[in-house]
Amino acid sequence: MYLLLYSDDSLRYRDDDVNDGFRELCSEEWQCRYSGESTWRAVRSGVHIDCSCEVALVYGVQDTDKAKLFLKHLLDDNPGGLADRLGAEIGSHLDELIQNRLDEWVTGDPYYEPDRDDFPGECRWVKEDFFEKHGLKLVRYDCDTNASDFEEDFEARW
């Protein structure tokens, strides 16, 4: 059994399979969807606005060396990792990036409420930076934003 598992033919076959998941990731386009919320609070007025965004994007791999370096920790743990798992890792980073940008955008100015029409451009710029850094390319991007009317903070009344 040992000789069968570690024979030259068996090892050569496994070496071919090692990067199948990464090759699949590089050869296809992947979708990512994100939905997030953040709240803007006016200074000393006791009101707030709830803001939300829905982001849908499609991306692919443009620079395999940069992408491999970005996913190195996963590929080191499991060189034959599935493309879905690698894509989920990228999606997780994108979710965090979008939520952080939404929070910064919503809470950036305590005196003026955020203009919901500005966020899609802000968000796209941040994602394009991320994609360039990690060897990815943005294929399609759509972002919808919503904002509530001014709502009274109940805790401010007490």
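Note that CG of L25 is 11.5 Å distant from CG of L82, once rounded to the nearest 0.5 Å. A distance of 10.5 Å separates CG in L69 from CG in L75, rounded to the nearest 0.5 Å. In this structure, NE2 on H134 lies 9.0 Å from CG on L71, to the nearest 0.5 angstrom. How far CG of D115 is from CD of E122: 11.0 Å, rounded to the nearest 0.5 Å. For the atom pair CZ (R33) and CG (D142), the distance works out to 8.5 Å, reported to the nearest 0.5 Å.
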Worked verdict on E132 versus K66 for salt bridge (Lys or Arg N to Asp or Glu O under 4.0 Å) = CA-CA 9 Å; E132 174 63 30; K66 286 182 181 179; 3.4 Å; yes

Stepwise, does the side-chain contact (heavy atoms from CB on, under 4.5 Å) test hold for D153 with V47?
-> CA-CA 5 Å; D153 290 335; V47 296; 5.6 Å; no

Show your reasoning for whether side-chain contact (heavy atoms from CB on, under 4.5 Å) applies to D144 and C53.
-> CA-CA 6 Å; D144 292 322; C53 74; over 6 Å; no

Verify side-chain contact (heavy atoms from CB on, under 4.5 Å) between W30 and V61, making sure each step is shown before the conclusion.
-> CA-CA 9 Å; W30 298 85; V61 174; 5.9 Å; no

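Listed here is the closest heavy atom pair of R101 and C123: CG-CA, 4.4 Å. Annotation for T39 and T107: closest pair O-CG2, 3.7 Å, computed over non-hydrogen atoms. Nearest heavy-atom pair across K137 and F131 is C-CD1, 4.2 Å. In terms of heavy atoms, P120 sits closest to T145 at CD-CG2, 4.1 Å. Contact detail for D103 and E37: the closest heavy-atom pair is OD1-O, 4.1 Å. Heavy atoms only, all atoms of each residue included: A147 and R116 are closest at N-CD, 3.9 Å.
Between F119 and W105, the ring planes are tilted. Angles from 30° to 60° get that label.
Contact check on D65 versus K68 returns no salt bridge, with no Lys/Arg side-chain nitrogen under 4.0 Å from an Asp/Glu carboxylate oxygen.
A heavy-atom distance below 4.5 Å is not found between the side chains of Y112 and W40. Looking at D20 and R23, their side chains come closer than 4.5 Å, going by heavy atoms from C-beta outward. The shortest distance between side-chain heavy atoms of V126 and L97 falls below 4.5 Å. Taking 4.5 Å as the limit, every side-chain heavy atom of R140 sits out of range of all side-chain heavy atoms of L57. Two residues are said to be in side-chain contact when any heavy atoms from C-beta on lie closer than 4.5 Å; D95 and C32 meet this criterion. Looking at heavy atoms from C-beta onward, H48 lies in side-chain contact with R41 at the 4.5 angstrom threshold. With a 4.5 Å cut-off on side-chain heavy atoms, L136 and Q62 do not count as touching. Side-chain atoms of D109 and P114, non-hydrogen and from C-beta on, never get closer than 4.5 Å to each other.
Other residues, nucleotides and ligands place no more than 12 heavy atoms under 6.0 Å from the CD atom of Q31. Counting heavy-atom neighbours within 6.0 Å of E151 CD, excluding the residue itself, gives a total above 12. Few gaps surround CG on D117; more than 12 heavy atoms of other groups in view lie less than 6.0 Å from it.
The backbone N or O of D50 sits less than 3.5 Å from a side-chain atom of S148, completing a donor-acceptor pair. In this structure a side-chain-to-backbone donor-acceptor pair under 3.5 Å is missing from S92 to A88.
One hydrophobic cluster, built from ILVMFWY side chains closer than 4.5 Å, cannot hold both V106 and V43; they sit in different ones. Residues Y59 and W125 fall within the same hydrophobic cluster, defined by Ile, Leu, Val, Met, Phe, Trp and Tyr side chains chained together at heavy-atom separations under 4.5 Å.
Using a 3.5 Å distance cut-off with no hydrogens or angles, the side chains of Q99 and Y34 do pair a donor with an acceptor.
For F70 and H93, the ring centers sit closer than 6.0 Å to each other.
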